[in-house]
Amino acid sequence: MRFLFGFIASLAALVLIACTSETTTSQNSPDANLSAQPQAPVAPINYIQNLNARKTQSLDGKWARIIDPYENGYYNYRYQVHDNGFFKNQKKEGPRDLVEYNFDTSPKLTVPGDWNTQERELYYYEGTLWYQRYFDLQKREGQKYIVQFGAVNYHAIVYVNGEKVGEHEGGFTSFQFDISEFVKSGENFIVLKVDNSRARDQVPTVNTDWWNYGGITRSVFIAVIPDTHIIDYTLSLSSDMSTIKGTVTVSAATHNAPVTLTIKELGISETFAVSENGTLAFSLPASPKLWSPERPKLYDVSLSYDADTLRDKIGFRTITVEGDKVLLNGKPVFMRGISIHEESLLHAGRAHSKADARATLELAKDLGTNFVRLAHYPHNEAMVKMADELGLMVWSEIPVYWTVLFGDEAVYRKAETQLVEMMTRDKNRASIVMWSVANETPLSDERHSFLGRLINKARRMDNTRLITAAIDTHSMSENEIVLEDPLAEKLDVIGINSYCGWYWAVLEDCAKKVWKSGYDKPIIMSEMGGGAKAGLRGDAGEIWTEEFQATVYDYNLQMADNIDGLAGISPWILKDFLSPRRQLGGIQDDWNRKGLVSETGEKKLAWDVLQSYYEKKAAE
Ligand code: GCB
């Protein structure tokens, strides 16, 4: 879409590449005056792996809600933070008590679920909303109580029994708080202040092309784990495919207990001693059946340490690049993909469940895909687990989208935190083959440094996957398009977003375009497409008809075949999705219409075009 022509690209070539070494954080210092906004926290990543495989108590269901556009439950009339805000869940005790809120008599929202699609008056709402519910618990010695939120968009402050337990910023990643000190046996209550106001210094920033769904959008539960427990583990296949490598971190290493790893089907049952700092690393000879889209083999893995035991299902594969090829398990693979937003086919709004994931990914498979680009932020855990199970390679990304404030160190920390949170949660998913650090970001030294640091961070954390980003800067002369972006040097796979015949160029010329890249790296056309309103039939020359969209696909797929080093495509997009940028009445009505299916799953003509292309590609 955003196509920068020759002269801008030549300027880009002159861009001085900024140093990408890590620097220390210099968070903006809090405003000294009392009326300061709450400090945007950048959560320290303190995450217990696979917590939902432990003993859990769900907090999904109905929560009371209070809409609070003036943040009256948080600030007093002098705009100072209340010490007696709504988080106290106060009740009127005497007949003359003045308490101007009551969760018990307030309407309810379903968790998980965005608020926008649950109540008409919340459809466009951006601001603060309070959530509250009660839960019972039997507290026991030697146990820890950890609350986990799959995601809350965008900023959450969590209180238990009237006390603040923590806050989190970032709408698409999972976070946990240890609430052991805050809970008691019997009835407890939990309150959240959730704020989905957009702001320039957030990740994403104010300007996106998707709906800003607010609320507790993914499941919530309390896990009960022993004081002495497994904190983290990583298992992967070595690059020569001869060993399973792993690391485990535990709490209380002085406890002296060993860690046991069992993968029955591979005849593995090993016991490891833990070092003093609570970690261990191992490498075990093994020849697992390799995970692939054709055979998505997963192994039952169990780990135990003292009284803590957990299970996981893990696949083993390698993903590498050689010149302009992507190799899965050492063999070149063409990535037949589709881009997907996290919206459900089964109900309005954000997807969150296993059923949502199955419906979406089975539809993607019907198209003939072996790959999905989960745009533009980390999707819920059910999606990546389903991709593991169904055999779909995944591109997973953080919402460093368009024009985030690349020069702001605090914004960098937010982006890095989301990257770390995404990678930490999903590092044992074989389906994820690529981490993406950005989408369509404008060229500048600051952007280059910012993304360079994210790439370095991702590489330090994970050397078993590829790093990518979707870029849109190219130079063009007549029918030759030259890929030019200094960021490409740092990526393993170059994603290009390009809307030939929709946002630029005459459609009929697209097939003549020839793409050149000087990078000798695999290229994925991470977006292409055009819009159509399902059921609007007519002339192929008439925009918004299904015929026109199908023709856009026709020409663009011909163009794709002219791209040097094309390793795959993930056209935009599987399903129509809500976006406030899409205001054309009668056609869009808030929907980005580039879906191959409508919001209710009705297939458009372009579906067949892409499906036939994938049949051909699969047979090559
Ligand atoms: C893009 C963006 C994507 C938009 C799409 C569009 O280039 O990456 O988020 O939704 O174009 O439909 O314009």
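For ligands, and for the atoms within them, numbers begin at 1 and follow the listed sequence.
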Exercise. Under 4.0 angstrom from ligand 1, any heavy atom of Tyr503?
Worked result: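 The answer is yes, since Tyr503 has a heavy atom less than 4.0 Å from ligand 1.
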Exercise. Does at least one non-hydrogen atom of Arg582 fall below 4.0 angstrom from an atom of ligand 1?
Worked result: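 For ligand 1, residue contact (heavy atoms, under 4.0 Å) with Arg582 is present.
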Exercise. Counting heavy atoms not belonging to Lys354, are there more than 12 under 6.0 Å from its NZ?
Worked result: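 For Lys354, atom NZ is not crowded (no more than 12 foreign heavy atoms under 6.0 Å).
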Short list, please: which atoms of ligand 1 are under 4.0 Å from a heavy atom of [X]?
| X | result |
| --- | --- |
| Lys594 | 6 (C), 12 (O), 13 (O) |
| Tyr401 | 2 (C), 3 (C), 4 (C), 9 (O) |
| His376 | 3 (C), 8 (O), 9 (O) |
| Asn497 | 8 (O) |

For this session: Could you tell me whether Asp408 and Lys414 have a side-chain N and a carboxylate O separated by less than 4.0 Å?
Result: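 Not counted as a salt bridge, because no side-chain N and carboxylate O are separated by less than 4.0 Å.
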Exercise. Any salt bridge between Lys617 and Glu620, counting N to O under 4.0 Å?
Worked result: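 The answer is yes: the pair qualifies as a salt bridge.
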Indicate, as side chain, backbone, both or neither, the part of [X] found under 4.0 angstrom from ligand 1 when only non-hydrogen atoms are considered.
| X | value |
| --- | --- |
| Asn439 | side chain |
| Trp210 | neither |
| Phe577 | side chain |

For this session: Check Arg537, Lys604, Lys533 against Glu547 for a salt bridge (Lys or Arg N to Asp or Glu O under 4.0 Å) and give me the one that passes.
Result: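 Exactly one option meets the salt bridge (Lys or Arg N to Asp or Glu O under 4.0 Å) with Glu547, and it is Arg537.
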Problem set entry | Candidate list Glu602, Glu343, Glu342, test salt bridge (Lys or Arg N to Asp or Glu O under 4.0 Å), partner Lys575, passing option |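 Per the salt bridge (Lys or Arg N to Asp or Glu O under 4.0 Å) rule, the option paired with Lys575 is Glu343, out of Glu602, Glu343, Glu342.
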For this session: Output yes when the distance from some N or O of ligand 1 to some N or O of Asn592 is under 3.5 Å, and no in every other case.
Result: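 Yes; the residue has a nitrogen or oxygen that sits under 3.5 Å from a nitrogen or oxygen of the ligand.
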For this session: May I ask you to check whether Asp114 and His352 show a side-chain donor-acceptor distance below 3.5 Å?
Result: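 His352 and Asp114 do not have a side-chain donor-acceptor pair below 3.5 Å.
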For this session: Verify side-chain hydrogen bond (donor to acceptor under 3.5 Å, both in side chains) between Ser353 and Asp356, making sure each step is shown before the conclusion.
Result: CA-CA 5 Å; Ser353 67; Asp356 288 334; 3.2 Å; yes
